[in-house]
Amino acid sequence: MNNVKRIIIATVTFTTLAITSTAFAERGEGKRLDKMVERVSSKLDLDDTQTQALEEFAAELAETRQLMRGTDGGLRSEFSALLSAQSFDQGEALSLINERAAAVQANAPELVAAAALFFDGLSEEQKAQVQEFMEKRGRHHRGKKKDQ
């Protein structure tokens, strides 16, 4: 497998896991995240070291999500306030986005390191399982978009 193909597969895998983990975290921070870790650990038959790496990766994802959400009611409420104003304050909107982007960017090295620790710790068979999951999930989502 050439390097470009590996990079593409790793990027897609990482992104999907990030989105999935974030979605689970959003629905009930701790419990859902723990369930996701438990389910992935079981499906991939992870050992204790691999499970610990997955837990660290999930924690970094949750932290990154919290940085995006921000404090004081979150990004959604802040944008809602902008929308309900007489006129949309473009400067404030840009400021909100830039603040969140800077926070996520500052956390990116830890997130990538946690992802690398997890993915590099997987066996070839486990990586193949993750790739298979990603392919099935991709087909599932592409099919839904066509139907809508």
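It should be emphasised that the depicted structure is a prediction, and the values quoted were computed from it without experimental measurement.
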When rounded to the nearest 0.5 angstrom, what is the spacing between CD in E63 and CG in L111? 9.0 Å
Find out if a path of hydrophobic residues (ILVMFWY) with successive side-chain heavy-atom gaps under 4.5 Å connects L117 to L61. no
One should read off an interatomic distance between R39 CZ and R32 CZ, to the nearest 0.5 angstrom, of 12.0 Å
Just by modelled atom types, is the V112 backbone N or O under 3.5 Å from a matching donor or acceptor in the E60 side chain? no
Looking at CG of L33 and CD of E55, how far apart are the two atoms once the value is rounded to the nearest 0.5 Å? 9.0 Å
State plainly whether one hydrophobic cluster holds both L83 and I97, where clusters connect Ile, Leu, Val, Met, Phe, Trp and Tyr through side-chain heavy atoms under 4.5 angstrom apart. yes
Taking the side chain as every heavy atom from C-beta outward, state whether L54 and L44 have any pair of such atoms under 4.5 Å apart. no
Measure across T51 and S41 and return the closest heavy-atom pair with its distance rounded to 0.1 Å. OG1-OG, 2.9 Å
Is the count of non-hydrogen atoms from other residues, nucleotides or ligands lying under 6.0 Å from D48 atom CG greater than 12? no
Work out which heavy atom in V37 is nearest to a heavy atom in A58; give both atom names and the distance. CG2-CB, 3.8 Å
Heavy atoms, side chains only, cut-off 4.5 Å: are L46 and L122 in contact? yes
Could you pull out the closest heavy-atom pair between E92 and D89, with the gap in Å? N-OD1, 3.1 Å
Can you see which heavy atom on A103 is nearest to which on L67, and at what distance? O-CD1, 3.5 Å
Would you say Q52 and E56 are linked by a side-chain donor-acceptor pair, where the criterion is simply a distance under 3.5 Å? yes
Between E99 and L96 (side chain of the first, backbone of the second, donor and acceptor by atom type, cut-off under 3.5 Å), is there such a pair? no
If you define the side chain from C-beta out and look only at heavy atoms, does anything of M36 sit under 4.5 Å from V40? yes
A quick test of your reading: do over 12 heavy atoms of other residues, nucleotides or ligands sit less than 6.0 Å from CD of E38? no
In terms of relative ring orientation, are F118 and F57 parallel, tilted or perpendicular, with 30° and 60° separating the classes? parallel
Does V130 reach the side chain of Q126, with side-chain heavy atoms less than 4.5 Å apart? no
